[in-house]
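Down below is the structure, laid out as structure tokens.
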Amino acid sequence: MTFIQKQRDTRIGRRALVAGSVGNLIEWYEFGVYGYFATIIAAGFFTPEGGSSEAEALVKTYASFALAFFFRPVGAAVFGRLGDRIGRRPVLVLVITLMTVATTLIGALPTYAQAGALAPWLLTFLRVLQGLSAGGEFGGAVSVMTEFAPPGRRGLYGSLQSFTVALGLLAGAGTAALLATVLTAEQLGAWGWRLPFLLTLPLGLGALWLRLRLDETPAFVAERSEETPPPREVVRAVVLGAGRIMGWAAAGYTFLVVLPSYLQSSLGATFQQALVATVLADLGFAVTIVPAGLLSDRLGRRAVMVSGAVLVVVLAVPLLNLLQQPGVSNTVKGVAVCGAGAVVGLLAGPGPAMLSEMFPTRVRCTGLGLAYALSNAVFSGCAGLIITETIERTGSVDVPAYYAAAACAVSVPALLTLPPARRAGVPKAGVERAG
């Protein structure tokens, strides 16, 4: 390979990283904002005058949140199939357009006071559209990023996809914190919450421009004649992949998205205090993601991800108990939430490359997208609903820790089926058999 060709491939690879990850940043920015403003959205869309209580309205808000996640598998199947047939690039262009339109429109929706019972239905419809686009986003983006990765660097390239999750959540938390600082509570509830959603429009247009300049991946171009594996093997690999990341899904949403509403509704924290805690958790998450992905290229996906899952099992309850103690200093509590996010990063860093390596090029978009979407639909989308409802019924404030720890405990056996590290670096991608 000539020096000029090598430089060209490097530029194309970097462009693929940016174009592949930018949509993910927007997706998680919006999901973070929705979680951070859950109590305000509940009051505006699910609390008719004289009707639902605050707790009931919050449960309905999280139900809408969960519904969007259950449409992710549909989006993963539809857009993933298109990505495996016509290419990664056109699908990524389509999903970023749908995602941008749906998110922007949320910021323009009438509330219950303005549109009555139609308001929550319109919100839910747009959440469904977001779920469909998000389902196609992950499979296409991870396929692009890992298929452009140099040999032995799939973990590093894939980790950048997870890193944009942290950036998106941080951007959402930062935007929410800024608005909470410069606006009064009345202004925030009346119109201020709309601004983060409307900001998606210029972000989405920028992402669309980047994706229109994206090249098709060499792996897709070269493997169009590749034989499609039997459907039964693909289904088994999807189920196994979902099992491997269920701990990542549950712990990630518990500590990074559900935490603000939990701190407010269960521990009496203010909106600003909850956002500060969330920013610290997101920072801890961001710091460990890329090193974890890089480490998985050296030690293997299994060693890093099993370590992360075990740490969640061991530390979830003690970390949450620290937050519940009134005598503990804010500094110690800050370290605790930062540590919780850092542990999740050990799972999220190697996760995209691990899923990508489970499926050959011919079914990669569909397979890894479905595995991710199914796991997130059950263990992320339902996290807020399950945790809020269980706390309401049992009165136990330890529920979030038990939820995250239990999911990671179940995930460990599935992660132990991963192949050990190979001296040559990244194992060859292919459909894995369960059992």
Side-chain angles (χ1 to χ4, degrees), residues 13-14 16-17 20-21 24 28 138 141-167 169-170 240-241 243-252 255-256 281-316 319 335 338-359 368 371-372 375 404 407-409 411-429 432:
R14 289 175 179 171
L17 282 178
S21 60
N24 194 60
W28 288 90
F138 184 83
V142 172
S143 294
V144 164
M145 296 169 76
T146 56
E147 287 174 3
F148 272 111
R153 286 292 181 267
R154 226 181 253 159
L156 176 61
Y157 271 52
S159 70
L160 294 175
Q161 192 276 348
S162 292
F163 183 66
T164 56
V165 173
L167 291 183
L169 292 174
L170 281 170
L240 180 59
R244 286 174 175 173
I245 65 170
M246 62 181 286
W248 167 20
F255 295 137
L256 304 176
D282 290 339
L283 284 173
F285 180 54
V287 166
T288 57
I289 291 172
V290 175
L294 184 60
L295 195 62
S296 75
D297 283 329
R298 297 178 178 274
L299 303 181
R301 321 295 180 218
R302 182 172 69 179
V304 180
M305 296 188 72
V306 168
S307 297
V310 171
L311 283 173
V312 172
V313 173
V314 173
L315 297 177
L319 286 173
V335 172
C338 190
V343 172
V344 177
L346 296 178
L347 296 166
M354 181 274 294
L355 287 175
S356 179
E357 291 163 359
M358 292 182 66
F359 302 93
L368 73 88
Y372 182 80
S375 189
C408 283
S411 192
V412 167
L415 287 169
L416 288 173
T417 65
L418 281 166
R422 300 183 183 181
R423 188 170 299 176
V426 180
K428 183 179 179 181
E432 292 190 33

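The structure presented is a predicted model; accordingly, all values stated were derived computationally and were not measured.
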*asked:* Return the OH to CD1 distance between Y372 and I245, rounded to the nearest 0.5 Å.
replied: 7.0 Å

*Output the distance between atom CD (E357) and atom CZ (R301), rounded to the nearest 0.5 Å.*
4.0 Å

*Calculate, to the nearest 0.5 Å, the distance between atoms CG and CG belonging to D297 and L156 respectively.*
6.5 Å

*asked:* Checking T164 against S21: is there a side-chain donor and acceptor pair closer than 3.5 Å?
replied: no

*Which atom names give the shortest non-hydrogen contact between L415 and A309, and what distance separates them?*
CD1-CB, 4.1 Å

*Would you confirm whether S162, through its side chain, and A348, through its main-chain N or O, come within 3.5 Å as a donor-acceptor pair?*
yes

*asked:* Tell me the closest heavy-atom pair linking M145 and G20, and the distance in Å.
replied: SD-C, 4.0 Å

*Please round to the nearest 0.5 Å and tell me the distance separating atom OG of S159 and atom CG of L294.*
7.5 Å

*Please round to the nearest 0.5 Å and tell me the distance separating atom CH2 of W28 and atom CG of L256.*
8.5 Å

*Look up atom CZ in R302 and atom CG in L416, then write down how far apart they are to the nearest 0.5 Å.*
6.5 Å

*Judged by atom type as modelled, is there a donor-acceptor pair below 3.5 Å linking the side chain of S375 to the main-chain atoms of A371?*
no

*Check: A353 main-chain N/O paired with R154 side-chain donor or acceptor under 3.5 Å*: no

*asked:* To check you understand the geometry: which heavy-atom pair defines the closest contact between A407 and A250, and what is its length?
replied: CB-CB, 3.4 Å

*Give a yes or no on whether the backbone of R244 and the side-chain of S411 come within a donor-acceptor separation of less than 3.5 Å.*
yes

_Less than 4.5 Å apart, side chain to side chain, heavy atoms only: is that true for L170 and F285?_
no

*So which of D282, V343, L319, V344 actually passes side-chain contact (heavy atoms from CB on, under 4.5 Å) with F255?*
V344

*Candidate pair L311 and L346, rule side-chain contact (heavy atoms from CB on, under 4.5 Å), full reasoning*: CA-CA 9 Å; L311 283 173; L346 296 178; 3.8 Å; yes

